[in-house]
K.L.:
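Please read through the structure below; I'll follow up with questions.
Numbered from 1 within each chain, the chains take letters A, B, ... in sequence-line order.
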2 protein chains.
Amino acid sequence: MTMPEQPYNVYEDRCPTRLVLDRLADKWALLILDRLRGGPLRFNHIRREIKGISQKVLSQTLRKQERDGLITRTIFPTVPVTVEYALTPLGRTLTETVSALTHWAEKNMDAILAAQRTYDERDAS
Amino acid sequence: MTMPEQPYNVYEDRCPTRLVLDRLADKWALLILDRLRGGPLRFNHIRREIKGISQKVLSQTLRKQERDGLITRTIFPTVPVTVEYALTPLGRTLTETVSALTHWAEKNMDAILAAQRTYDERDAS
DNA sequence: CGGTATCCCAGGCGATACTG
DNA sequence: CAGTATCGCCTGGGATACCG
């Protein structure tokens, strides 16, 4: 039985950087929020839109975003049941803020790829 | 020998969202960039500033950021050797863009925590 | 000081099967 | 349709030891 004396809690001081990272920093969270910008979507619709995501991870991610108040989950008592996911106002402000980052990426993607090539060539010499 | 027929490559179309996420979305990358905003720092200085990061991961992350052209690594031939890390202009524009997200987080942290409490209480009922 | 090399383990994720 | 449950692999990262 190990007692690793209190691993450093990265959330101490309620660090905003950590908070936002925890909402966005996985393979799929951002992609989901982005897809919802156009309006509510159903579970399997999102799943089809985002190729490669598994049912399990989609479910987990949606649940987490619902808990954070970023999206809503609405059940329609049709047969079979229909479930719609939609951005909340809070979630929408987040996607708008994130778009600044996306624009940065579009603008600087080539610079990064070029830097990588330079680095890798220097490394090969 | 399995051949999992081409797992979906999330980078297809050079997706900017994925690109930026790959630079920022680990526990430490953002924290490092943020620490460098005040000027160049040495390896162990960064390590002391960012409590909890291991030598290995710090090294890996710095290497990756250098490769991406976000930071520079300068070796001074002192004894023992001194190494300084500093933001490049590209890296600096990234930190500036990221600050929009940080401000969002500061502004909405309480809303998220409140949403979580609501969700958890409803769940407990 | 500023790393690299090695070992090792937890947990994240995909795959699969099942359900209301 | 919209999930949950279970299993098992794999890899990211901590711990430790060593090096120029």
K.L.:
How many whole angstroms separate atom NE2 of B/His45 from atom C1' of C/dG3?
P.N.:
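Going from NE2 in B/His45 over to C1' in C/dG3 covers 18 Å.
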K.L.:
State whether the side chain of B/His45 and the backbone N or O of B/Leu41 hold a donor-acceptor pair below 3.5 Å, judged by distance alone.
P.N.:
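Between the backbone of B/Leu41 and the side chain of B/His45 there is no qualifying donor-acceptor contact (under 3.5 Å).
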K.L.:
Check whether A/Asn108 reaches the backbone of A/Ala111 with its side chain - one donor and one acceptor, N or O, closer than 3.5 Å.
P.N.:
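No, A/Asn108 side chain to A/Ala111 backbone: no donor-acceptor pair under 3.5 Å.
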K.L.:
Nearest whole angstrom, please: distance from the C1' of D/dG12 to the NZ of B/Lys27.
P.N.:
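Computing the B/Lys27:NZ to D/dG12:C1' distance gives 11 Å.
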K.L.:
Could you work out which one of D/dA2, C/dC1, C/dG14 sits closest to the side chain of A/Trp28?
P.N.:
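For the A/Trp28 side chain, the nearest candidate turns out to be C/dG14.
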K.L.:
Do A/Arg122 and B/Glu66 meet the salt-bridge criterion of a basic N to acidic O distance under 4.0 Å?
P.N.:
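Here B/Glu66 pairs with A/Arg122 in a salt bridge, since their nearest N and O are under 4.0 Å apart.
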K.L.:
Could you check how far NZ of B/Lys64 sits from P of D/dG12, rounded to whole Å?
P.N.:
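Value for this atom pair: 10 Å.
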K.L.:
Okay, side chain of B/Thr82, backbone of B/Phe76: is any donor-acceptor separation there less than 3.5 Å?
P.N.:
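Absent.
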K.L.:
A/Arg47 has an atom CZ; how far is it from atom C1' of C/dA15, in whole Å?
P.N.:
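In whole Å, C/dA15 C1' and A/Arg47 CZ are 11 Å from each other.
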K.L.:
Look only at the side chain of A/Thr97 and the backbone of A/Thr93, and say whether a donor-acceptor pair between them is shorter than 3.5 Å.
P.N.:
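Such a contact is found between A/Thr97 side chain and A/Thr93 backbone.
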K.L.:
Between P on C/dG2 and CD1 on B/Ile46, what's the gap in Å once rounded to a whole number?
P.N.:
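Nearest whole value for this atom pair: 9 Å.
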K.L.:
A/Ile50 has an atom CD1; how far is it from atom C1' of D/dA2, in whole Å?
P.N.:
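Atom-to-atom, A/Ile50 to D/dA2, this comes out as 16 Å.
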K.L.:
Taking OP1 and OP2 of D/dC1, is either one under 4.0 Å from a side-chain nitrogen or oxygen of A/Tyr85?
P.N.:
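So the side-chain polar atoms of A/Tyr85 never come under 4.0 Å of the phosphate oxygens OP1 or OP2 of D/dC1.
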K.L.:
Can you name the one residue among A/Thr95, A/Thr88, A/Ile71 that meets side chain to side chain contact (heavy atoms under 4.5 Å, CB included) with A/Leu36?
P.N.:
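The side chain to side chain contact (heavy atoms under 4.5 Å, CB included) with A/Leu36 is passed solely by A/Ile71 among A/Thr95, A/Thr88, A/Ile71.
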K.L.:
Can you tell me how far SG of B/Cys15 sits from CG of A/Leu31, rounded to the nearest 0.5 angstrom?
P.N.:
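These two atoms lie 6.0 Å from each other.
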K.L.:
Starting at the 5' end of nucleotides 4-10 of chain C, put B wherever the base has a protein heavy atom under 4.0 Å, S where only the sugar-phosphate does, and a dash everywhere else.
P.N.:
B-B----
K.L.:
Any side-chain heavy atom of A/Trp28 sitting closer than 4.5 Å to one from A/Leu58?
P.N.:
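With C-beta onward as the side chain, the pair stays apart.
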K.L.:
Using atom CG of A/Leu58 as one end and atom C1' of C/dA15 as the other, report the distance to the nearest whole Å.
P.N.:
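Whole-Å distance recorded here is 16 Å.
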K.L.:
By the salt bridge (Lys or Arg N to Asp or Glu O under 4.0 Å) test, which pairs, at least two apart or in different chains, include something from residues 68-88 of chain A?
P.N.:
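Pairs touching residues 68-88 of chain A that pass the test: A/Arg23-A/Asp68.
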K.L.:
Atom CG of B/Asp26 and atom C1' of D/dG14: how far apart are they, to the nearest Å?
P.N.:
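The distance from CG of B/Asp26 to C1' of D/dG14 comes to 15 Å, rounded to the nearest Å.
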K.L.:
Enumerate the residues from residues 70-80 of chain A whose closest heavy atom to DNA chain D is under 4.0 Å, giving them by residue number; use none for an empty result.
P.N.:
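The answer is A/Arg73, A/Pro80.
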K.L.:
So what does B/Arg42 touch, heavy atoms closer than 4.0 Å: a base, only the sugar-phosphate, or nothing?
P.N.:
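The answer is sugar-phosphate, as B/Arg42 gets under 4.0 Å only of primed atoms, P, OP1 or OP2.
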